[in-house]
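See below for the structure under consideration.
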Protein chains: 2
Amino acid sequence: MTRSAILDHAVKLASQVGLSGLTIGHLAEDLKLSKSGVFAHFQSKEALQIQVLETAAQRFVEEVVKPALGEPRGEPRLRAIFQRWLGWAKSQQTPGGCLFVAASVELDDRPGPVRDRLVELQSEWLALIANVVRAGIAEKEFRLDADPEQLAHDLYAVMLGYHHASRLLQDPRAQARANAAFDNLIGACRQTRRTA
Amino acid sequence: MTRSAILDHAVKLASQVGLSGLTIGHLAEDLKLSKSGVFAHFQSKEALQIQVLETAAQRFVEEVVKPALGEPRGEPRLRAIFQRWLGWAKSQQTPGGCLFVAASVELDDRPGPVRDRLVELQSEWLALIANVVRAGIAEKEFRLDADPEQLAHDLYAVMLGYHHASRLLQDPRAQARANAAFDNLIGACRQTRRTA
DNA sequence: CCTACCGATCGGTAGG
DNA sequence: CCTACCGATCGGTAGG
């Protein structure tokens with residue numbers, strides 16, 4: 001049993017039960033290994049939790065970031081980011097929803113290296129979105145006075161709202177609501193081509 | 001030791017460690033009771049979890065809903081709801097942030113009576129916000145074509161974004177960002193008084 | 001409200 | 001990778 005196969009399953013499990021609900025015993029049983037066999041791959045539960053975050057982050061880059069960055073700068077690229085982000089949140093790879101959403105709420109008041117790494121990853125992601133917005137401003141697709149950090153923050157909020165509506169409330173209109181919120185935000189900072 | 005004193009502390013504890021992280025033993029130690037002394041007040045951990053939700057919901061009504069409903073219909077009332085909601089999320093009464101946010105992520109894939117009750121409470125809250133929007137439309141403060149459910153959903157998303165920015169990222173601009181997002185949403189559905 | 005206890009499970013270790 | 005084990009803690013029960 002390879003370490004990466006263990007981490008693969010651990011990411012799935014953690015999306016359902018959280019990073020602290022994730023136990024070495026449960027992992028071992030699912031993979032038909034002994035507890036100590038699983039434990040030997042990591043030196044502590046904390047190290048396992050961090051490796052789970054790293055594994056999910058790598059997968060997020062492959063499934064969301066890289067393909068979206070292949071789209072043309074400006075609105076198409078921002079739209080691709082958003083759509084793939086929603087897709088990630090309902091991916092069968094993380095059956096419990098977005099692992100980062102679960103971990104954010106779980107760790108927001110638990111200081112330590114796991115939380116620190118999560119904050120780094122989330123900050124990098126927000127900065128990347130802001131850069132995509134900045135590129136759109138430079139391309140004159142977005143207004144010069146658009147606020148890239150505010151828009152990145154707002155898009156994060158829309159994604160959290162989608163997560164709440166689709167997963168907890170099981171609202172069939174969740175995706176339509178998220179799309180409407182996205183269009184509203186984009187519309188407000190789209191460059192209006194003046195006819196004068 | 002009264003049952004309500006136990007629940008009072010349980011709400012605080014649950015906001016920090018979640019409804020499943022909440023343990024009878026931890027509760028007993030903090031309150032200097034025996035485990036079975038605490039347990040005797042409830043018949044199961046599940047019943048305790050539901051009572052924690054009920055206690056928090058009652059407090060939410062007292063601190064957020066009732067005062068806001070004292071404001072004039074339309075924008076002032078919606079603004080009061082939003083401001084008090086943010087205040088609730090950083091209240092010292094729930095040191096781990098909004099209990100409902102924590103419970104939503106924790107329970108979104110754990111079927112059962114606790115989750116069912118949470119969904120009811122959250123749905124009622126969204127419906128109440130939508131009704132406040134509807135009253136604002138009737139007062140002609142908001143546009144006739146404003147969508148009350150969409151706006152309620154969007155305000156929920158802004159609150160989740162605030163929670164994430166302030167608690168996980170510890171962004172000092174979190175409140176300013178939430179206010180900007182609120183103003184943006186309200187501005188889009190404010191009745192434009194035509195001069196014609 | 002208490003003491004005393006149950007079987008299960010936790011993270012982790014010893015030794016191989 | 002394994003068996004066998006550690007002390008701690010879990011939800012819950014018996015009996016008072």
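Below, chain A is the first sequence line, B the second, and so on; all start at residue 1. Reckoned from all heavy atoms, side chains included, excluding hydrogens, waters and symmetry mates.
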Between the side chains of A:R134 and A:E149, is the shortest nitrogen-to-carboxylate-oxygen separation below 4.0 Å, so that they form an ion pair?
yes
Can you tell whether the side chains of A:E141 and A:R73 come within less than 4.0 Å, N to carboxylate O?
no
Verify whether one side chain among A:E63 and A:S91 offers a donor that lies under 3.5 Å from an acceptor in the other.
no
Regarding A:S20 and A:E106, is there a side-chain donor-to-acceptor distance under 3.5 Å anywhere?
yes
In whole angstrom, give the distance that lies between atom [atom1] of [X] and atom [atom2] of [N].
X	N	atom1	atom2	value
B:L27	D:dC10	CG	P	11 Å
A:H41	C:dG11	NE2	P	16 Å
B:L31	C:dC1	CG	C1'	13 Å
B:K32	C:dT3	NZ	P	15 Å
A:F42	C:dG11	CZ	P	13 Å

Taking CZ in B:R59 as the centre, count heavy atoms belonging to other residues, nucleotides or ligands within less than 6.0 Å. Is the count above 12?
yes
Dump the pairs, protein N or O against N or O of nucleotides 12-16 of chain C, anything under 3.5 Å, distances to one decimal.
{"from": "C:dG12", "atom 1": "OP2", "to": "A:K45", "atom 2": "N", "distance (Å)": "2.7"}

Identity of whatever pairs with D:dT13 - Watson-Crick or G-U, under 3.5 angstrom:
C:dA4
Residues A:W85, A:F100; criterion ring pair (Phe, Tyr, Trp, His ring centres under 6.0 Å); working and verdict:
CA-CA 12 Å; A:W85 197 3; A:F100 301 111; 10.0 Å; no
Using a heavy-atom cut-off of under 4.0 Å over every strand shown, decide if B:L48 touches base, sugar-phosphate, or nothing.
nothing
Ignoring backbone atoms, establish whether A:S34 has a side-chain N or O less than 4.0 Å from OP1 or OP2 of D:dC1.
no
